[in-house]
Amino acid sequence: MRFSANLGFLWTELTLPNAIRAAAAAGFDAVECHWPYDVPADDVAAALRETGLPMLGLNTTRGGPGENGLSALPGRRAEARAAIDQALAYAQATDAAAVHVMAGFAQGDAAHAAFVDALRYACDAAQGRVILIEPLNHYDAPGYFLRTTAQAEAIIAEVGAPNLKLMFDCYHVQLMEGDVTHRLVRLLPLIGHVQVASVPDRGAPDHGELNYPHVWEVLTRLDWDAPVGAEYKPGEDTDATLGWLRGAQAR
Ligand SMILES: O=C(O)C(=O)[C@@H](O)CO
Ligand SMILES: [Mg+2]
């Protein structure tokens, strides 16, 4: 098993370049982030070169206060496209493999149409990069447009672009739908990235209602060899939470 440190949550007390260095020192195989836009892409690219870690992905901007993405918001097409352009430019500068296009808080047919339109735009503009969509759970993100893997599956089919993939975050899937490993198996051809955290507290993947050693076993059986995103909230000392990583890497 290989793992990617999600620097939106891990080592947040460090600057992003130093968090990349900390992830390398801790033995991660890759990094990913949330919203890196305040940090010059050149500084991030330099830390990636220095450590040899690839950047797997980043998110489109959340938008204004209280927003969580723009792409499914009716009437916000120009801003949604600008957010996609911004993310793709940052991805290009840091050679990030994927961009997660965030839908936002919206419901209904107009939101669905806006999201499909934005995703078609993103997939066309991506120039070989993967575009990800991620269902978020309704405890952390009440009112978020994309809530289930079934909804994501239908949208991926409707958009019909080969570079549109599902971000399968086991934490969100367990909270919304359960049956995580059956879904991993069935959805495998659609999955572009896997993320993990304990459920329900979103801590390290070593406790709670999901048995991650079993998830590692299933992913190994599925020949999943891309780094799995460690997207959990470690509290104050990320390094003190990494016992699970040693165990999983030893598999
Ligand atoms: O919350 C998550 O899960 C994520 O992957 C974020 O990037 C989006 O909110
Ligand atoms: Mg996630």
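Position 1 is the first residue of the sequence, and the numbers go up from there.
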Indicate whether any N or O donor in one side chain lies under 3.5 Å from an N or O acceptor in the other, for E177 and T149. yes

Looking at CZ of F168 and CG of L219, how far apart are the two atoms once the value is rounded to the nearest 0.5 Å? 9.0 Å

If we ignore hydrogens and angles and just use 3.5 Å, is the side chain of R21 paired with the main-chain N or O of T51 as donor and acceptor? no

Are L175 and Y212 grouped together when hydrophobic residues (ILVMFWY) are joined by side-chain heavy atoms under 4.5 angstrom apart? yes

Could you name each residue pair satisfying ring-ring contact (aromatic ring centres under 6.0 Å, His included) that touches residues 68-92, not counting sequence neighbours? Y37-Y90

Using side-chain contact (heavy atoms from CB on, under 4.5 Å), reason through D29 and Q249 one step at a time and then give a plain yes or no. CA-CA 10 Å; D29 304 286; Q249 285 173 329; 4.3 Å; yes

Under the side-chain contact (heavy atoms from CB on, under 4.5 Å) rule, what do H193 and H100 come out as? Steps first, then yes or no, please. CA-CA 10 Å; H193 187 44; H100 167 205; over 6 Å; no

Does a side-chain N-to-carboxylate-O contact under 4.0 Å join D169 and R202? yes

side-chain contact (heavy atoms from CB on, under 4.5 Å) for L136 and L146? Distances and angles first, verdict last. CA-CA 6 Å; L136 301 184; L146 188 59; over 6 Å; no

Looking at F28 and S4, what are the two nearest heavy atoms and their distance? CD2-C, 3.7 Å

For the student: nearest non-hydrogen atoms of A141 and N68, plus distance: CB-ND2, 4.1 Å

Spatial distance of atom CD (E236) from atom OG1 (T12) [nearest 0.5 Å]: 9.5 Å

Do C33 and M55 have side chains that approach each other closer than 4.5 Å (heavy atoms only, starting at C-beta)? yes

Got a list of side-chain donor-acceptor pairs under 3.5 Å for residues 101-112, not counting sequence neighbours?
| residue | atom | partner | partner atom | Å |
| --- | --- | --- | --- | --- |
| Q107 | OE1 | R147 | NH1 | 2.6 |
| Q107 | NE2 | G143 | O | 2.9 |
| H112 | NE2 | E158 | OE1 | 2.7 |

Would you name the heavy atoms of V180 and Q174 that are closest together and state the gap between them? CG2-OE1, 3.5 Å

Has the side chain of R2 got a donor or acceptor atom that lies under 3.5 Å from a matching backbone atom of D225? yes

For the CD1 atom of I133 and the CG atom of L166, what is their distance to the nearest 0.5 Å? 6.5 Å

Candidate list R183, K165, R186, test salt bridge (charged side-chain N to carboxylate O under 4.0 Å, His left out), partner E153, passing option: R186

Would you say F9 and L7 are hydrophobically clustered, going by side-chain heavy atoms of ILVMFWY under 4.5 Å? no

Before accepting this row, confirm whether a basic side-chain N of the pair D117/R81 lies closer than 4.0 Å to the acidic partner's carboxylate O. yes

Check the pair N137 / Y144 against side-chain contact (heavy atoms from CB on, under 4.5 Å), numbers first and verdict last. CA-CA 8 Å; N137 78 75; Y144 192 73; over 6 Å; no

Can you name the residues that form a side-chain hydrogen bond (donor to acceptor under 3.5 Å, both in side chains) with N6, not counting sequence neighbours? E32, H34, E231

Pairwise distance OG(S198) to CG(L210) - rounded to 0.5 angstrom: 9.0 Å

Shortest non-hydrogen contact from A126 to N163? CB-ND2, 3.6 Å

Can a donor-acceptor pair be found, under 3.5 Å and without considering hydrogens, that links the side chain of N59 to the backbone of W35? no

Sole residue of D95, V31, L16 in side chain to side chain contact (heavy atoms under 4.5 Å, CB included) with V44: L16

Using the ring-ring contact (aromatic ring centres under 6.0 Å, His included) criterion, which residues pair with W224? Sequence neighbours excluded. none

Partners passing side-chain hydrogen bond (donor to acceptor under 3.5 Å, both in side chains) against T94 (at least two apart in sequence or in another chain): none

When rounded to the nearest 0.5 Å, the distance separating CD1 of I131 from CG of L88 is 5.0 Å

Where is the tightest heavy-atom contact between G203 and Y232, given as atom of each residue plus distance? O-CB, 3.0 Å

For residues L190 and L132: do they belong to one hydrophobic cluster (side chain heavy atoms under 4.5 Å, members Ile, Leu, Val, Met, Phe, Trp, Tyr)? no

For atom CD of Q127, decide whether the heavy atoms of other residues, nucleotides or ligands shown that lie under 6.0 angstrom number more than 12. no

Under 3.5 Å: donor-acceptor pair, side chain of E79, backbone of R76: no

Between A118 and I84, which heavy-atom pair has the shortest distance, and what is it? O-CD1, 3.5 Å

For W216 and W244, take the angle between the two ring planes, folded into 0 to 90°, and tell me which bin it lands in: parallel under 30, tilted 30 to 60, perpendicular over 60. tilted

Listed by chain and number, what are the side-chain hydrogen bond (donor to acceptor under 3.5 Å, both in side chains) partners of Y171, not counting sequence neighbours? D140

From R221 CZ over to D223 CG, what is the distance, rounded to the nearest 0.5 angstrom? 11.0 Å

Please check if V215 and M167 belong to a single hydrophobic cluster, counting links between Ile, Leu, Val, Met, Phe, Trp and Tyr side chain heavy atoms closer than 4.5 Å. no

Under 4.5 Å between side-chain heavy atoms, hopping through other hydrophobics if needed: is there a path connecting V185 to M1? yes

Exceeds 12 heavy-atom contacts within 6.0 angstrom, atom CD of Q92: no

